[in-house]
Every structure is written in C-alpha cells, then in structure tokens.
Amino acid sequence: WISDNIEGTNFDARSLNLAYCALDGPSLCKMSQNDMIGVFGPQLGPHLHQSLLKHKAKHGKSVALDFISHIYVFFLLGCLFSGLRTPESTSGESDPEFFSPFRRPTDLVIADILAPRGTHLWEFIRDILIYPEKNHGLLKWEDRREGVFKFLKSEAVAQMWGQKKKNSSMTYEKLSRAMRYYYKRDILERVDGRRLVYKFGKNASGWKLNELPSVM
DNA sequence: ATGCACTTTCCTGTTT
DNA sequence: TAAACAGGAAAGTGCA
C-alpha cells in the first residue's frame, strides 16, 4: 500500500521513520492526520492519510483486516534498515546470510519501495550496491571505504538498466560508455588495469557508510 | 520552442 | 580470440 502511494510522487522512501515499522494494521487505521504527519512527515503523511480515508470509504469495516495483509511491508522495511547498519558497517564485507530469512519473498516489495529517486546511471549502480535486496550478485564492493566496486554480472546489470529506461537493447558495451563519461565529471574515478572495476569519485554521493540512508 | 544534461548508439583502435 | 577499455562523433530523450 505504501509502495503504491509513493509511486508517482517524488518522495524518497529512504527518509521514512522506520522506528514505526512495527505498526500493525489496526493501529495504522486509528492514526489521525497529525499522527501520520508525525510518523511519515509533512509530505507523505497527509498523502497517506487521504489514501487511507479513501480506502476506508471503499471497504468500510473490513479495512483493518485488509491492512493486516499489507502491513508486512513495514516489518520488512525494519528488517532491511536494521540490517544495513549492522554487519557491513563493521566488517566492510556484507553478509548475505544475514538477510536470508527475509530476502526471498520480499525482493520485489522492497525493491519497489526503495525505488531510487534519481534516474541517473550512477545512482542506479549505487543503489544496487547499497541495498543488498537489489543486488543478487550483480555488483560487489571491492573496497567499501574507498568506493571501489566491480561488476560481477555486467550484462545482467545492463539489462536491468535497460529495463528501467525501457530500452531492451541496452548492453554493457553501451552502459560502460556512459560510465566512462563520468570520469570527466568526477562522478567516477579511473581504476586502471582492473577489468569491470570502477570507483566513485568526489561528485558521487550517497554511497559512503556514514551517509547511508538512515533512520531518523 | 529551445537549450541543456545525460545518455545511447556506433565506431575504430587498443589492451588484457 | 573474446571481452573490456578508450573516446570521438552524432543522435535521441526528457525536462525546464
């Protein structure tokens, strides 16, 4: 439900207050507009409130039960964000097992909710790297602190990029040309002699451990 | 309606 | 030899 509501707005889901992720359906239904604003902020709060009112009008008393079927989204967001801040920040190496109990059924849900706001290639790459749920072994950090990363499935990443841009003929060949243009703009730094390896430059933001999307 | 940023496409040549 | 890397050139796209 939240995913649907965020779609079509420019709201950045990364700024959600995830402390409230444990809300259940009935609690959510009891929230006033002010409650919503308190939890979701002045932008998304009223939007969700309106949507909830519509939903209530449509479905009457069954709404609370209805919500229970959607509310797992909150729970899983909580899992995701608590995970982001634990294993990787200390070891520098993400632990795929850490997420395993939650990953399988939720890949699509979380990927949708966390759909990147930016539409640029480097942001797309960055978001695959920082959200394990999106990764599927496509890319990996080579040096997390330095922002060095490597394409593990270059053609698959290109396909996904193409999918996002509604261009089924995207290839790594073409994607990499766009990557090379980033060198001039200091969004990427050259890493030479290492195939499929790139490094974020000083004009790339949002990838460092200390600037990961955080819980407010 | 036009300019601009950001690719996308294609290409020729080089390197690994 | 295949796959990547290098960039020039030009076309395409979405947005302000």
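Each chain gets a letter, A, B and so on, in the order its sequence line appears, and its residues count up from 1.
- Note: NZ (A:K165) to C1' (B:dC6) measures 7 Å, nearest angstrom.
- Note on A:K174: a side-chain N or O is less than 4.0 Å away from OP1 or OP2 of B:dT9.
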Give every pair of a protein N or O atom and an N or O atom of nucleotides 12-14 of chain C that lie under 3.5 Å apart, one pair per line with the distance.
none

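- A:S176 comes within contact range of no nucleotide atom at all, as no heavy-atom separation falls under 4.0 Å.
- Spacing between atom CE of A:M170 and atom C1' of B:dT7 amounts to 8 Å, rounded to whole angstrom units.
- Counting to the nearest Å, the P atom of B:dC6 and the CD1 atom of A:I125 are 16 Å from each other.
- Atom CG in A:L121 sits about 10 Å away from atom C1' in B:dC6, given to the nearest Å.
- Between A:S169 and B:dT9, a side-chain N or O to OP1/OP2 separation shorter than 4.0 Å is present.
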Let me see the working for A:F149 and A:V191 under side chain to side chain contact (heavy atoms under 4.5 Å, CB included), right down to the final yes or no.
CA-CA 10 Å; A:F149 60 94; A:V191 175; over 6 Å; no
If you apply the rule side chain to side chain contact (heavy atoms under 4.5 Å, CB included), what do you find for A:M160 with A:F124, and how did you get there?
CA-CA 10 Å; A:M160 287 186 59; A:F124 173 78; 3.8 Å; yes
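- The CE-C1' distance, from A:M179 to B:dT9, rounds to 18 Å in whole Å.
- Spacing between atom CD of A:E155 and atom P of C:dA3 amounts to 9 Å, rounded to whole angstrom units.
- Nucleic acid contact for A:Y198: sugar-phosphate only, since backbone atoms but no base atoms lie under 4.0 Å from a heavy atom of the residue.
- Shown here for A:L129 and A:K140, the closest heavy-atom pair between the two residues is CD2-C, 3.9 Å.
- The distance from atom CH2 of A:W207 to atom CH2 of A:W141, rounded to the nearest 0.5 Å, is 6.0 Å.
- At a threshold of 4.0 angstrom between heavy atoms, the contacts of A:L175 with the nucleic acid are absent.
- For A:R180 against C:dG8, no side-chain N or O and base N or O form a donor-acceptor pair under 3.5 Å.
- Contacts between residues 182-194 of chain A and DNA chain B, defined by a heavy-atom separation under 4.0 Å, are made by A:Y182, A:R185.
- Separation of atoms CD (A:E123) and CD1 (A:I128) is listed at 12.5 Å; rounding is to 0.5 Å.
- For A:W161, a side-chain nitrogen or oxygen approaches OP1 or OP2 of B:dT8 to under 4.0 Å.
- Rounded to whole Å, the distance from NZ on A:K164 to P on B:dC6 is 16 Å.
- Closest of all the heavy-atom pairs between A:T119 and A:W161 is O-CH2, 3.4 Å.
- A distance-only check finds no donor-acceptor pair linking the side chain of A:Q163 to the backbone of A:S168 [under 3.5 Å].
- Between A:W122 atom CH2 and B:dA5 atom P the separation is 17 Å, expressed in whole Å.
- A:K199 and A:E146 make their closest contact through NZ-O, 3.3 Å (heavy atoms, listed as atom of the first residue, atom of the second, distance).
- With hydrogens and angles ignored, the 3.5 Å screen pairs a side-chain donor or acceptor of A:E155 with a backbone N or O of A:Y172.
- A distance-only check finds a donor-acceptor pair linking the side chain of A:E211 to the backbone of A:G206 [under 3.5 Å].
- If you find the closest nucleotide of DNA chain C to A:Y181 and to A:R195, the one lying nearer the 5' end belongs to A:R195.
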